[in-house]
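For reference, the structure is listed below as structure tokens.
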Number of protein chains: 2
Amino acid sequence: MNLRERKKRRTRDALLRAALELFATRGYDETTVDDIAAAVDVSQRTFFRYFAGKEETAFFVPRLAEALVVDAVRARPPGEAPLEALRRAVLESWDAINEAIVELVPIELHMRVYRVIESTPALLAAHLRRSAELEEQLARIIAEREGLDVDADPRPRIVVALFGGVIRVTERLWSTGDDLTLDAMRQLTATYLDQVGPALAGNWHTEPSP
Amino acid sequence: MNLRERKKRRTRDALLRAALELFATRGYDETTVDDIAAAVDVSQRTFFRYFAGKEETAFFVPRLAEALVVDAVRARPPGEAPLEALRRAVLESWDAINEAIVELVPIELHMRVYRVIESTPALLAAHLRRSAELEEQLARIIAEREGLDVDADPRPRIVVALFGGVIRVTERLWSTGDDLTLDAMRQLTATYLDQVGPALAGNWHTEPSP
DNA sequence: GAGGCTAATGACAGCCACTGACAATTGACA
DNA sequence: TGTCAATTGTCAGTGGCTGTCATTAGCCTC
């Protein structure tokens, strides 16, 4: 890697970390792009040459995680049922995600930023839209696995929608809870996915939730 | 109603219709608040006294629809299974929704705006966030119906997430399709909801989708 | 029905996210 | 080392949105 390239990477990382640090401490809306640029001592214009917008800094890390999940789903053996493939892919990709994050920012900072995303309306909206795009991608992968046409058969999009819905519920719960560790997240996700069957059954009262 | 009140209502409706008309013809991003204000011949400042932001005009009608759905869910008999209650509430509230819309803007305009919402990133994000809030509300209603604690039992949030996911898939399909009638929407929703069971079954290939 | 009160509006200034254009700087490479 | 291209800073401008203050317009009382 060039000196030039290295310099660019350093500037980008510095901007990223400065932005996330500011978001986590001061709040997203209370942080201006000028603040971020000033913290790294570059011009505001330079910030916008590295990131398409303020929002992009907040989703830089989540973007990596999404890519890893997509890879994990693609790597699942074709024999598995769709929902099972999604479940295993997500649960098993967290270690890789963790490693990827640590390369870039302190994991603890990322956790704090995650809470900011969930509690800042503008960021939550962006997060949900990104999730919708991810789901579309996953639906196509599932359809291909099963040899189906996404636009003709409703089932791929439906499983993915169900799955995504559960994931989002657990994300929100996790981010508002006390235990911000990876294991807590994994545990919560597994528990909630196990509840999909029971939740669809009509008879909630004959058997209480396990 | 006062002359003053009537004048206010007229100004608000004019702003709303002008905004939606501009969004539908020119596009959301291509429409400035100044354009909207100019079309009604009021100052930009006045626009912001009626609407918290440009976005709010786009979601004024959907907001009414959401309120009606919530009412419909609340009105469901307690005996029904949760998913069934949600399904019936949505399918049966569309007529009321239709009436409420017609009072405010031509239904055909609303359809066109709906397409704009689904195809404009900023609006889609906002739409998804609103949906998430709606789902939280519905989860609380379902939990209450069943005499459960939303924060202790995962099932209310899960059914609603599943349900919401399916609804969103159908919304997207409907908005990108050719048939923008209410009946098409109702039909699509019913069909997709019927697929929830089959989609969760592991054996997609032993029985093709009905 | 004139005059005072209050709510609605317009005009203006300013903040922040973001973009285009151009000049200055800095690393790359012959 | 000098040339070329990439990186950066500066400046000007747009659009969404807000606070402030003076002006206008409906309302209500005497």
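To find a chain, count down the sequence lines: A is the first, B the second, and so on, and within it residues start at 1.
Rounded to an integer number of Å, the gap from B/R6 CZ to C/dA8 C1' is 16 Å. The nearest whole Å value for the distance from the CZ atom in A/R10 to the P atom in D/dT7 is 14 Å. C/dA17 atom P lies 7 Å from atom CZ of A/F48, rounded to whole Å. Put simply, CG on A/D34 is 13 Å from C1' on D/dG9, counting in whole angstrom units. Note: CG (B/L3) to P (D/dT24) measures 19 Å, nearest angstrom. Per the geometry, CD1 belonging to B/I36 stands 11 Å off C1' belonging to D/dG16, to the nearest Å. In this structure, CG of A/N2 is placed 16 Å from P of D/dA5, rounded to the nearest angstrom. If you measure from atom CZ of B/R9 to atom C1' of C/dA8, you get 16 Å, rounded to the nearest angstrom.
Between the side chain of B/R49 and the base of C/dG10, a donor-acceptor pair under 3.5 Å is found. The base of C/dG20 sits with one of its N or O atoms less than 3.5 Å from a complementary donor or acceptor on the side chain of A/R45.
Taking the ring axis of A/F59 as reference, the NZ or CZ atom of A/R63 does not stay both within 45° of it and closer than 6.0 Å to the ring centre.
Out of D/dT18, D/dC27, C/dA17, the shortest distance to the side chain of A/T32 is found at C/dA17. Closest to the side chain of A/R4, from the set D/dC17, D/dA5, C/dA8, is D/dA5. The side chain of A/T46 sits closest to D/dT8 out of D/dT8, C/dT26, C/dT9. Listed candidates were C/dA8, D/dC17, C/dA28. Nearest to the side chain of B/Y50 is C/dA8.
Sequence order on DNA chain D of the closest nucleotides to B/K54 and A/T11 puts A/T11 first from the 5' end.
Electrostatic pairing of B/D194 and B/R87 counts as a salt bridge here, judged by a charged N lying under 4.0 Å from a carboxylate O. Salt bridge present: A/R157 and A/D151 bring a charged side-chain N and a carboxylate O closer than 4.0 Å. No salt bridge links B/K8 with B/D13; every basic N to acidic carboxylate O contact stays at or beyond 4.0 Å.
Distances shorter than 4.0 Å separate none of the side-chain N or O atoms of A/S43 from OP1 or OP2 on D/dT10. In terms of phosphate contacts, A/K7 brings a side-chain nitrogen or oxygen within less than 4.0 Å of OP1 or OP2 of C/dG27.
Shown here is A/E133, whose CD atom has more than 12 heavy atoms of other residues, nucleotides or ligands within 6.0 Å.
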